[in-house]
Novice: 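Quick one: this structure, given as structure tokens, is what I'll be asking you about.
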Amino acid sequence: MAAPNPGLLAAMLKAQRLNGVLRWKVTFTESGFKGETNLAAWNGIWIETSAVKSTQDFVDVVANQTSNPKLVGSSLAQLIETIISGVEPVGNTCIGWSGWQDLLKTDPQAALEIAEALDIACQERSAVVIVCDSVGSFPGISELSQG
């Protein structure tokens, strides 16, 4: 298990060096990730999608994990709009995405479509999605080195 260097994510966020969807082969805990985003004064959202096998599964799981149950059954676009721009206070957002491997294995096209939709939203706003976990690769998104 590759743990990130303490403070590295916070430093990169503070420096505004990250944008879009990036694959980082490190294993965060939710509390470690939230500590890093808090240190950088960014809104941190942790999503864990193990056992998710479709786009709708992803939407429903993330809706519940982000305390937005009204979004269960909604579209991916509605979910992304809410979690990226609906964070109060409005500011920079960093999403840590863990447990994505099942979705990638079951439906690689859905995984890529989710990553692309997130990337578009991140490019339009001050946001970044870190696809983390030390195991697996996610074709189609840029790799971030440990630094």
Novice: I need the minimum non-hydrogen distance between A121 and I80, along with the two atoms involved.
Specialist: CB-CG2, 3.4 Å
Novice: Main chain of S74, side chain of Q56: is a donor-acceptor contact present, judged purely on distance under 3.5 Å?
Specialist: yes
Novice: Would you say R23's side chain and G136's backbone share a donor-acceptor pair under 3.5 angstrom?
Specialist: yes
Novice: Let me check something: any side-chain donor-acceptor pairs from residues 99-106 under 3.5 Å, sequence neighbours excluded? List them with distances.
Specialist:
| residue | atom | partner | partner atom | Å |
| --- | --- | --- | --- | --- |
| W100 | NE1 | C132 | O | 2.6 |
| Q101 | NE2 | D133 | OD2 | 3.4 |
| Q101 | NE2 | V135 | O | 3.0 |
| D102 | OD2 | A51 | N | 2.8 |
| T106 | OG1 | D102 | O | 2.9 |

Novice: Work out which heavy atom in L9 is nearest to a heavy atom in E36; give both atom names and the distance.
Specialist: N-OE1, 3.3 Å
Novice: At their closest point, which heavy atom of A127 faces which heavy atom of C122, and how far apart are they?
Specialist: O-CB, 3.3 Å
Novice: Report yes or no: does S142 contribute a side-chain atom to a donor-acceptor pair with the main-chain N or O of L22 at less than 3.5 Å?
Specialist: no
Novice: To the nearest 0.5 Å, how far apart are CG in L76 and CG in L71?
Specialist: 11.0 Å
Novice: Strictly below 4.0 Å, N to O, side chains only: are R125 and E81 in salt-bridge contact?
Specialist: yes
Novice: Check the pair C94, N43 against side chain to side chain contact (heavy atoms under 4.5 Å, CB included), reporting the backbone distance first and the verdict last.
Specialist: CA-CA 6 Å; C94 182; N43 299 308; over 6 Å; no
Novice: Parallel, tilted or perpendicular for F28 and F33, by the 30°/60° rule?
Specialist: perpendicular
Novice: Report the distance from atom CG of N68 to atom CG of D60, rounding to the nearest 0.5 Å.
Specialist: 12.0 Å
Novice: Any side-chain heavy atom of V128 within less than 4.5 Å of one from N19?
Specialist: no
Novice: Looking only at non-hydrogen atoms, find the nearest pair between S137 and K25 and report the distance.
Specialist: CB-NZ, 4.5 Å
Novice: Using atom types as modelled and distance alone, determine if a side-chain donor or acceptor of D119 lies under 3.5 Å from a backbone N or O of A115.
Specialist: no
Novice: Would you say I95 and I83 make side-chain contact, with heavy atoms under 4.5 Å?
Specialist: yes
Novice: Can you list the residues that meet the side chain to side chain contact (heavy atoms under 4.5 Å, CB included) rule with S75, with sequence neighbours excluded?
Specialist: A77, Q78
Novice: Could you walk me through whether W42 and L18 pass side chain to side chain contact (heavy atoms under 4.5 Å, CB included), step by step?
Specialist: CA-CA 12 Å; W42 278 49; L18 303 175; 5.8 Å; no
Novice: Using side-chain heavy atoms (C-beta onward) and a distance below 4.5 Å, is Q16 in contact with N92?
Specialist: yes
Novice: Test side chain to side chain contact (heavy atoms under 4.5 Å, CB included) on E48 and Q65; report intermediate values, then the result.
Specialist: CA-CA 8 Å; E48 210 298 319; Q65 288 180 5; 4.1 Å; yes
Novice: Applying ring pair (Phe, Tyr, Trp, His ring centres under 6.0 Å) as the test, list every pair that has at least one member in residues 111-132; sequence neighbours left out.
Specialist: none
Novice: Would the distance check show the side chain of T49 and the main-chain N or O of V52 forming a donor-acceptor pair, the cut-off being under 3.5 Å?
Specialist: no
Novice: Which value, rounded to the nearest 0.5 Å, describes the distance between T55 atom OG1 and D107 atom CG?
Specialist: 6.0 Å
Novice: On a heavy-atom basis, which atom in L144 and which in I130 lie closest, and how many Å separate them?
Specialist: CD2-CD1, 4.4 Å
Novice: Could you report the tightest heavy-atom contact between L112 and G140, atom names first, then the distance?
Specialist: CD1-CA, 4.2 Å
Novice: Less than 4.5 Å apart, any side-chain heavy atom of V131 and any of W24?
Specialist: no
Novice: Is it the case that the side chains of S98 and W46 hold a donor-acceptor pair, with the cut-off being a distance below 3.5 Å and no angle test?
Specialist: no
Novice: Check the pair V72 / N64 against side chain to side chain contact (heavy atoms under 4.5 Å, CB included), numbers first and verdict last.
Specialist: CA-CA 7 Å; V72 171; N64 283 316; 3.7 Å; yes
